[in-house]
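To start, the structure itself, in structure tokens.
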Amino acid sequence: MSFPAKRAENSPAASRFDFLDLRAQFATIHDEVMQAVAQVFESQYFILGPEVKLLEDEVATKLGAKFAIGCASGTDALILSLLAAGIGKGDEVITTPFSFIATAGSIAYVGAKPVFVDINPVTFNINPALLEAAVTPKTRAIMPVHLFGLPADMDPILAIVREHNLVIVEDAAQAIGSRYAGRFAGTFGDYGCFSFFPSKNLGGAGDGGMITTNDARIAERLQMLRVHGSKKKYFHEMIGTNSRLHALQAAVLRVKLRHLGDWQQGRQNRADRYRRLFESAGLASFISTPPRPPAKFEHVYNQFTIRSSRRDDLKAFLHSAGVPSEIYYPLCIHLQEAFTYLGHKPGDFPESEKASREVLSLPVYPELPDAQQDRVVQTISDFRSSL
Ligand SMILES: *Cc1c(COP(=O)(O)O)cnc(C)c1O
């Protein structure tokens, strides 16, 4: 294989490399993608149409869901799901404060109130033991996030959902292909929401999203909501919006879906290699790496996220050595300026807040060259020696 990442590999040790090099992946599928895109141009069928329908069917089949509905983004997948469930003003939706803003943002956007529940510090996912206490008579739904590619602990969540007759909207934006107790993330509840943002495990050539469901009535509502609430052109049964997955995106994603299993394996191999390297460098107690999850959980490593009590110093040290890293997420959602109206203060969700001060994501993608991964670990080792 020859791709642009070589450039960095061949340069002197102090050179910078990329946190995520999507050109490396594109180089492996260039001809397939260009051919698929050319076919869409030849057809001049850009809005919904056969490519979108085929992708929807292929995703539904792969995940074991009855229906999949394409839409314009992962954020829209969450918003359309809440709208289809009739959730809005006066309703509460329980979710995690340690996620990308779109999670709670979508709840607020439809007029409902996000109610936060703290995370389990090991998994970074919502702590099911704290859920029951957050349920009120206004609670309509739970929105768990499968953060970084690790499924949330769904069994206790589903027990509470059943007990209180709640809707479940899964934010599986980072977790396509991951499994919990043998079932795919996004297929546990009424709505499974996916993002095809380029950096997700299945990333398009721009924005895109999808919702999976097993309920035919829900599928029909979602299909209507994304085209201004109509089944029959120019006749509108409800107020909807324009939120469609582009045919060009669908064509690219159909090519990439065929490789998703290999890429997932590649990410898992990178994660295992990190664990081995940290272990043999004696760094296992200096930084905390994501533990190998129990057999019930399959992690697909959209991110490989370590923790360090000296995170900011470590990040600066890595940066000056040309090693990329990212902080997902530096400020919890309940402390974001946009959510001041909820009246939260520091200390409300201590595990989430501690995580936001300690987490650091390292490069983890299937084509990541060994030499670059070695440099990440070596530089963390140098950081420890420098203390
Ligand atoms: C990416 C992401 C989204 C939103 O997806 P977009 O396609 O960027 O709108 C929502 N939730 C989480 C957890 C995400 O990582």
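Atoms within each ligand, like the ligands themselves, are counted from 1 in listed order. Excluded from the calculations below are hydrogen atoms, water molecules and symmetry mates; all remaining heavy atoms, backbone and side chain alike, are included.
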Check against salt bridge (charged side-chain N to carboxylate O under 4.0 Å, His left out), K231 and E220
CA-CA 9 Å; K231 254 188 286 193; E220 190 181 59; 3.4 Å; yes
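- Counting atoms of ligand 1 from 1 in the listed order, those under 4.0 Å from a heavy atom of S99 are 13 (C).
- Between G209 and ligand 1 there is no heavy-atom distance shorter than 4.0 Å.
- Between I380 and V376 there is a side-chain heavy-atom pair separated by less than 4.5 Å.
- Each of the following atoms of ligand 1 lies closer than 4.0 Å to a heavy atom of A102: 4 (C), 10 (C).
- Salt bridge D57/R254: absent, no basic N to carboxylate O contact under 4.0 Å.
- Near Q174, meaning under 4.0 Å from any of its heavy atoms, are these atoms of ligand 1: 13 (C), 14 (C), 15 (O).
- In terms of protein heavy atoms, atom 9 (O) of ligand 1 is closest to T75 OG1, 2.5 Å.
- Aromatic ring centres of Y301 and F148 lie farther apart than the 6.0 Å criterion allows.
- Checking only distances, K200 does come within under 3.5 Å of ligand 1, N or O to N or O.
- Checked against a 3.5 angstrom limit, the closest N/O atoms of G74 and ligand 1 fall inside it.
- Considering backbone and side-chain N/O of D171, one or more are found under 3.5 Å from N/O of ligand 1.
- Ring centers of F98 and F349: at least 6.0 Å apart, outside the cut-off.
- Using the six-membered ring where Trp is involved, F278 and Y274 have ring planes that are parallel, under 30° apart on the 30 and 60° scheme.
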